[in-house]
Amino acid sequence: GDSVTQMEGPVTLSEEAFLTINCTYTATGYPSLFWYVQYPGEGLQLLLKATKADDKGSNKGFEATYRKETTSFHLEKGSVQVSDSAVYFCALLYQGGKLIFGQGTELSVKP
Amino acid sequence: GAVVSQHPSRVICKSGTSVKIECRSLDFQATTMFWYRQFPKQSLMLMATSNEGSKATYEQGVEKDKFLINHASLTLSTLTVTSAHPEDSSFYICSASQDLYNEQFFGPGTRLTVL
C-alpha cells in the first residue's frame, strides 16, 4: 500500500545552519505531496505542497521538490532559526482524499 | 487560512466514562471532516472520515462503537469516546475540508487522559 518514510529525528542544528529532512514515498500513481509542521502543543499547519512531478513547493524559506524518479520530497531550508523548532511531517494524498503521514521528524534549533 | 477549533483542548476522565470532543470549522463550510489519533512522538493515524449528513467511514481496526462520530452540520463534527479506558489516552486531532480533495485544515488537538 501507499506509504511515506521520513528520516528519523531528532535533528539538532545551530541557528543559520542548512536543513534537510528526507522524505520518500511509495504510491500507485502520482499523488500530491505535502509538508506539515506541528509546533509544541498545537495541531498541524500546512507548510508547502506539490501536486505533480518536478513541482517545487516553497514557503517561509522552506522548499521541497517532487522527484518522481527517486520518489522523494525532501524538505530544505538554507538558514534555520530557533523559531523553526517543531515536528515536521511529510504526507501524501491517498485515494478518497485521505492523507498518509510519515512518522515525523523533530527539529531542534539552538541559538 | 481557514480556522478549525477543537474543544476541549485537554480532558482528564475516569475509566468507564464517555468523553465528547468537538471539532468546528469557524469560517468555512466543511463537507468532510477527518479524525486522527496521535501517540507521543509518533505520526497521525487516520481513524475515520465523516461527511456531513451521512455515516462516518472508519479505518480498518478502529472500533466504530467505541469511537462515535457525528457530523450533523457543515461546521461541526463530534467524536465521542465511549467507556474510555487508559489505552484510549492520546492526542486526538481533527481536520476539515470543503470537499474531499481540497486542502485539509487541522484543529489544535485534544489531549485525552483516562485515569
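Chain A is the first sequence line, chain B the second, and so forth, proteins listed ahead of strands; every chain is numbered from 1. All values below were derived from every heavy atom in this structure, side-chain atoms included, with hydrogens, water molecules and symmetry-related copies excluded.
For L44(B), the parts sitting under 4.5 Å from any heavy atom of chain A are the backbone and the side chain alike. Looking at Q6(B), neither its backbone nor its side chain comes within 4.5 Å of chain A, counting heavy atoms on both sides. Within the 4.5 angstrom heavy-atom criterion, no atom of Q45(A) approaches chain B. In this structure, chain B has no heavy atom under 4.5 Å from any part of F34(A). Of the two parts of L99(A), the backbone and the side chain both hold a non-hydrogen atom closer than 4.5 Å to a non-hydrogen atom of chain B. For chain B, the nearby part of E106(A) is the side chain; its heavy atoms alone come within less than 4.5 Å. Contact of F101(A) with chain B is made through backbone and side chain together, with heavy-atom distances under 4.5 Å.
Chosen from R111(B), M45(B), E59(B), the residue pairing most often with chain A at heavy-atom distances under 4.5 Å is E59(B). Per-residue heavy-atom pair counts under 4.5 Å with chain B were compared for P10(A), G43(A), S32(A), and the maximum is reached by G43(A).
Relative to the six-membered ring of Y30(A), K68(A) meets both conditions, a distance below 6.0 Å and an angle of at most 45° to the axis.
Of the charged side-chain nitrogens involved, at least one lies within less than 4.0 Å of a carboxylate oxygen, so that R24(B) and E22(B) count as a salt-bridged pair. For K49(A) and D55(A), the salt-bridge test fails: no basic side-chain N is under 4.0 Å from an acidic carboxylate O.
Residues F106(B) and F34(B) place their aromatic rings such that the two centres sit no closer than 6.0 Å.
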When you look at H85(B) and K66(B), which way does the side chain to side chain contact (heavy atoms under 4.5 Å, CB included) test go after all the steps? CA-CA 10 Å; H85(B) 288 94; K66(B) 174 105 179 131; 3.8 Å; yes

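The aromatic rings of Y92(B) and F67(B) sit tilted relative to each other, their planes meeting at an angle between 30° and 60°.
The two residues D84(A) and K77(A) have their closest heavy-atom pair at OD2-NZ, 2.8 Å.
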